[in-house]
Amino acid sequence: AAKAAGKNRFLRFHPDMMQALVQRTHMESGLQLAVPRGEITVDFQPIVSHRMGQVVQLEALARWDRGGERVPPSIFIPLAERTGLIGEIGAEVMATGMVQLARWLSEDPSRSLAVNVSGVQLQEPDFAEGVLKLAEASGVAPYQLVVEVTESVFFDADCSLIQQLSALRDAGARVALDDFGTGYSSLGRLQDLPVDTVKIDKTFVSMVRTGNERLPILSSMINMAHSLGLTVTAEGIETAAQADYLTALECDSLQGYLFSLPEPGDRLGQALSHAEEALHALKGR
Ligand code: C2E
Ligand code: MG
Ligand code: MG
Ligand code: MG
């Protein structure tokens, strides 16, 4: 029936819809060339341990510089997932992250690199093998890798996905549950998931304004994770009050603009020293 309507079908598009469609098609073809053109780069954001008083991890975050214009990951990652380009982009981020951090990682075995991985990538039967090969080639130990997945990947979790995560964990890598609390899974489901860490989403952290509020949801999440033997990272720490509050709840690691923005590899030194200064300022409070 749609075909019978023929060309006239297009007339039913609102001009805004038409423009959006053209833009999306344009963006899609641009994204196809992004990796070969070297437009995908990686920024790194420090994750600090208050207890250890240092930066313990860096999270790799994909960036797309499309001819001088930055397209945010919230736009191009879902597009890459829909168009099947996420495998290529994800591999690029993983390889770049390992190469750029190999030295920093080799200086201290307790340091690690976190990389976001989409459910689509975990459908690949040789995903874990590929990651471990990349690590070996870059001189990065598997136990220095953290794979970040969101709760949604477990929504219709098949064997392949669990197999890939298990293979990574068997080799010593860790799995972190990103944006924890925003998905559909309940706290109770946490014990069934093959994860080592939960990352409390920034929407919960942003509820801490003065540091004097009572936020049982935050303490419940942290206590539950700890009782299951998981470590906890809080995302989106922007103020000292938030850092103090989460530290008082015994959150293991903190990440956010208070410590550092995500920065490209050539500004890693500045990002690390900024994060460490912010950490010392907290200790002095
Ligand atoms: P995410 O993995 O939860 O990463 C944290 C996001 O929060 C990043 O946004 C980071 O820049 C931002 N952020 C960090 N600290 C703060 C803070 O203090 N306040 C606020 N308001 N935001 C903060 P970004 O870089 O725009 O990335 C957005 C999302 O895109 C990521 O969320 C992740 O889900 C996805 N993403 C990024 N890179 C990749 C990738 O290589 N592969 C996949 N599959 N997803 C990626
Ligand atoms: Mg993440
Ligand atoms: Mg997150
Ligand atoms: Mg997020």
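Owing to the predicted nature of the structure, the values given are computational and were not obtained by experimental measurement.
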Pair Q57-S112, side-chain donor/acceptor within less than 3.5 Å:
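Yes, side-chain donor-acceptor contact under 3.5 Å.
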Would S253 and S49 count as having a side-chain donor-acceptor pair, cut-off 3.5 Å?
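Judged by distance alone, the side chains do not pair up.
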What's the spacing between [X] [atom1] and [Y] [atom2] if we round to 0.5 Å?
X    : Y    : atom1 : atom2 : value
S260 : E276 : OG    : CD    : 11.0 Å
D16  : L21  : CG    : CG    : 12.5 Å
R63  : D43  : CZ    : CG    : 4.5 Å
I89  : L79  : CD1   : CG    : 8.0 Å
M98  : E136 : CE    : CD    : 11.0 Å
L230 : R174 : CG    : CZ    : 12.5 Å

Check whether [X] reaches the backbone of [Y] with its side chain - one donor and one acceptor, N or O, closer than 3.5 Å.
X    : Y    : value
D126 : E129 : no
D196 : V175 : yes
K202 : G256 : no
Q164 : L161 : no
R111 : Q144 : no
S29  : T25  : yes
S138 : V140 : no

Non-hydrogen side-chain atoms of [X] and [Y] separated by less than 4.5 Å:
X    : Y    : answer
D201 : E235 : yes
M27  : I75  : yes
F76  : I86  : no
V232 : I200 : yes
M94  : V117 : yes
L177 : L190 : yes
V115 : V93  : yes
W64  : I40  : yes

Give the cluster check for [X] versus [Y]: same hydrophobic cluster or not, with ILVMFWY residues linked at side-chain heavy-atom distances below 4.5 Å.
X    : Y    : value
L58  : Y257 : no
V146 : Y143 : no
I237 : M207 : yes
V131 : V35  : yes
L134 : V99  : no

Any ion pair linking K199 and E59 (charged N to carboxylate O, less than 4.0 Å)?
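A salt bridge is present here (some side-chain N lies under 4.0 Å from a carboxylate O).
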Between E69 and R66, is there a salt bridge with N-O shorter than 4.0 Å?
yes
Least distance between heavy atoms, [X] atom then [Y] atom:
X    : Y    : result
R189 : F154 : NH2-O, 3.3 Å
N116 : E148 : OD1-OE1, 3.1 Å
Q54  : S110 : NE2-OG, 4.4 Å
L145 : A135 : CD1-CB, 4.0 Å
Q242 : S206 : NE2-CA, 3.8 Å
L246 : A234 : CG-CB, 3.8 Å

Check step by step if side-chain contact (heavy atoms from CB on, under 4.5 Å) holds for F127 and L132.
CA-CA 9 Å; F127 175 78; L132 295 170; over 6 Å; no
Go through it in stages, so that I can follow the logic: the residues are V55 and I47, the test is side-chain contact (heavy atoms from CB on, under 4.5 Å), and I'd like the CA-CA distance, side-chain angles, deciding distance and then a yes or no.
CA-CA 6 Å; V55 176; I47 298 175; 5.9 Å; no
Take K283 and H50, measure what side-chain contact (heavy atoms from CB on, under 4.5 Å) needs, and give me the verdict at the end.
CA-CA 8 Å; K283 293 236 174 195; H50 197 275; 4.1 Å; yes
Name each donor-acceptor pair under 3.5 Å that joins a side chain in residues 266-275 to protein atoms two or more places apart or in another chain, with its distance.
{"from": "R267", "atom 1": "NE", "to": "E263", "atom 2": "OE1", "distance (Å)": "2.9"}
{"from": "R267", "atom 1": "NH2", "to": "E263", "atom 2": "OE1", "distance (Å)": "3.0"}
{"from": "S273", "atom 1": "OG", "to": "G269", "atom 2": "O", "distance (Å)": "3.0"}
{"from": "S273", "atom 1": "OG", "to": "Q270", "atom 2": "O", "distance (Å)": "3.3"}
{"from": "H274", "atom 1": "ND1", "to": "F259", "atom 2": "O", "distance (Å)": "2.5"}

Within a radius of less than 6.0 Å around CZ of R70, do more than 12 heavy atoms belonging to other residues, nucleotides or ligands occur?
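It does: R70 CZ has more than 12 such atoms within range.
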CZ (R24) with more than 12 external heavy atoms under 6.0 Å
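Open.
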Taking it one step at a time, do L105 and L113 satisfy side-chain contact (heavy atoms from CB on, under 4.5 Å)?
CA-CA 8 Å; L105 292 169; L113 161 66; 4.2 Å; yes
Side-chain polar contacts of residues 212-227 - donor-acceptor pairs under 3.5 angstrom, sequence neighbours left out - could you list them?
{"from": "E213", "atom 1": "OE1", "to": "R209", "atom 2": "N", "distance (Å)": "2.8"}
{"from": "E213", "atom 1": "OE1", "to": "T210", "atom 2": "N", "distance (Å)": "3.2"}
{"from": "E213", "atom 1": "OE2", "to": "T210", "atom 2": "N", "distance (Å)": "3.1"}
{"from": "E213", "atom 1": "OE2", "to": "T210", "atom 2": "OG1", "distance (Å)": "3.1"}
{"from": "E213", "atom 1": "OE2", "to": "G211", "atom 2": "N", "distance (Å)": "2.5"}
{"from": "S219", "atom 1": "OG", "to": "P216", "atom 2": "O", "distance (Å)": "3.2"}
{"from": "S220", "atom 1": "OG", "to": "P216", "atom 2": "O", "distance (Å)": "2.7"}
{"from": "N223", "atom 1": "ND2", "to": "S219", "atom 2": "O", "distance (Å)": "3.2"}
{"from": "H226", "atom 1": "NE2", "to": "D252", "atom 2": "OD2", "distance (Å)": "2.8"}
{"from": "S227", "atom 1": "OG", "to": "N223", "atom 2": "O", "distance (Å)": "3.4"}
{"from": "S227", "atom 1": "OG", "to": "M224", "atom 2": "O", "distance (Å)": "2.8"}

